[in-house]
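The first residue in the sequence is number 1, and the count goes up from there. Read the numbers this way: they start at 1 and go in the same order the structure lists the ligands and their atoms.
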Amino acid sequence: MTLLRQNIRDMQGYVPGFQPPDIGSWTKLNSNENPYPPSPRVRDAVLAELGADGASLRTYPSASSQMLREAAGELYGFDPSWVIMANGSDEVLNNLIRACAGEGEEIGYAHPSYSYYATLAEIQGVRVRTFGLTDAFRIAGFPERYEGKLFFLTSPNAPLGVAFSTDYIEELARRCSGLLVVDEAYADFADANALELVKKHANVVVTRTLSKSYSLAGMRLGLAIARPEIIAALDKIRDHYNLDRLAQAACLAALEDQAYFRECCARIRETREWFSEELRGVGYNVIPSQGNYVFATPPDRDGKRVYDGLYARRILVRHFSDPLLAHGLRITIGTREEMDATLQAMKEIG
Ligand SMILES: *Cc1c(COP(=O)(O)O)cnc(C)c1O
């Protein structure tokens, strides 16, 4: 089909995690979703925005999502000119590539990490360079000076769960000629984050999502924090009405209810620590995780066998066929009850 660009013809397309149609009959621990509902204020705000007859939907939403930039800026300690809202953080990851890298130019990221970066690069016709991770969870062979236009650092790493130290991220920022984009999709479950580095280094961008820690994967809400010059460039590229009215109402309500948010995150962290210890007790290797998931390897290093055993019991976790990851499983942290049932099933499977 020569009507299409060569790179689009050649690409595979991203395959999202499996979402079973009969979702209610599964214990779903495969997409790092939050087991708790969003703040009750989110539902109220969405219904209020909709109104009795839905007439609010006749008119376009705020193009800039200005109130959300102000709320997020206040929460994270930045002027709103340092914040951009996104239709899921995936949107802003895409626009960061489009802002920095032209066709044939290079971006980099660690492997394993979030495989969607590769798809976004392919669409843009950008070359990709991947770096492995060392046993000490450093970027293997990272050059003294990395000349690529952009480097994505997923911290905490997905799917392994390890967070990079702020000192190490700062060292990488110094060694990058282009942007260092710290994808902090899971930072709300971690002990530290890289926000202070955005203030210190002109080339550091932090991205966040409300999909995981705020239980809003279904609303598509993310954001980026960076220098105003970078934000202004991203504003030129994005869809001008990128966040719909209901999403904006949901976002504001979710960010405002910090007490509820902190309570949910604390519970997930507590369950994560308990589940990790229990799995270690039955011989699993569990990488210490700073996310809402763990990467766990059974004693026989046959992740697929345990995946199949759990699948037969209608517990859905994530197994990657990639040879670097096939020995283990990525398991999302659900409620304490769900993790109890999962642990019992894993003991049965052996
Ligand atoms: C889930 C996830 C995203 C995407 O977040 P959305 O806001 O749902 O688009 C980005 N990066 C990583 C590492 C993720 O795990």
Side-chain angles (χ1 to χ4, degrees), residues 14-19 28-35 38 42 65 68 72 83-98 107-121 123 130 133 137 139 150-164 169 179-190 193-194 205-225 234 238-239 242-244 246-248 250-251 254-255 261 265 268 272 287 289-295 317-318 320 322 325 330-333:
Y14 184 72
V15 183
F18 176 53
Q19 310 292 345
K28 193 172 177 306
L29 306 176
N30 70 331
S31 296
N32 294 346
E33 291 145 329
N34 197 307
V42 167
S65 308
L68 310 189
V83 182
I84 187 169
M85 305 307 300
N87 187 347
S89 65
D90 285 346
E91 184 205 15
V92 76
L93 297 173
N94 187 13
N95 288 342
L96 282 160
I97 297 181
R98 294 167 75 199
I107 67 151
Y109 57 87
H111 177 76
S113 73
Y114 189 37
S115 60
Y116 192 49
Y117 307 137
T119 305
L120 296 174
I123 296 168
T130 58
L133 291 173
F137 297 113
I139 310 294
L150 182 158
F151 187 83
F152 286 116
L153 186 73
T154 319
S155 186
N157 175 277
L160 301 179
V162 179
F164 298 94
I169 299 172
L179 284 193
L180 176 66
V181 178
V182 189
D183 181 346
E184 290 197 333
Y186 301 102
D188 289 324
F189 304 105
N193 64 63
V205 178
V206 164
T207 63
R208 295 284 179 93
T209 173
L210 279 78
S211 295
K212 283 94 184 206
S213 54
Y214 286 90
S215 312
L216 287 172
M219 268 291 177
R220 314 305 305 126
L221 286 163
L223 61 103
I225 300 178
L234 293 170
R238 69 178 169 84
D239 223 20
N242 60 341
L243 267 69
D244 66 66
L246 303 184
Q248 290 192 35
C251 185
L255 293 179
F261 161 78
C265 289
I268 289 168
R272 174 187 76 200
I287 300 176
S289 173
Q290 292 275 289
N292 65 337
Y293 52 91
V294 294
F295 194 85
V317 299
R318 192 77 187 260
F320 300 92
D322 185 315
L325 300 168
R330 189 195 70 188
I331 307 172
T332 303
I333 301 300

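- Judged as a ring pair (Phe, Tyr, Trp, His ring centres under 6.0 Å), and not counting sequence neighbours, the contacts of F151 are F131, F142, Y146.
- Between F261 and Y214, the ring centre distance stays below 6.0 Å.
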Present, as a list of atom pairs with distances to 0.1 Å, all nitrogen or oxygen contacts under 3.5 Å between ligand 1 and the protein.
unit_1, atom_1, unit_2, atom_2, d
ligand 1, 5 (O), S89, OG, 3.0
ligand 1, 7 (O), S89, N, 2.7
ligand 1, 7 (O), S89, OG, 3.3
ligand 1, 7 (O), T209, OG1, 2.5
ligand 1, 7 (O), S211, OG, 3.3
ligand 1, 8 (O), S211, OG, 2.6
ligand 1, 8 (O), R220, NH1, 2.9
ligand 1, 8 (O), R220, NH2, 3.4
ligand 1, 9 (O), S89, N, 3.2
ligand 1, 9 (O), D90, N, 3.1
ligand 1, 9 (O), D90, OD1, 3.4
ligand 1, 9 (O), D90, OD2, 3.3
ligand 1, 9 (O), R220, NH2, 2.8
ligand 1, 11 (N), D183, OD1, 3.3
ligand 1, 11 (N), D183, OD2, 2.7
ligand 1, 15 (O), Y186, OH, 2.6
ligand 1, 15 (O), K212, NZ, 2.9

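- Checked against side chain to side chain donor-acceptor pair (under 3.5 Å), N87 has no partners two or more places apart in sequence or in another chain.
- Between S113 and the options D183, L133, N157, L160, a side-chain contact (heavy atoms from CB on, under 4.5 Å) holds for only N157.
- Every ring pair (Phe, Tyr, Trp, His ring centres under 6.0 Å) that Y117 has, sequence neighbours left out, goes to Y109, Y114, F152.
- Between N292 atom CG and D188 atom CG the span is 10.0 Å, to the nearest 0.5 Å.
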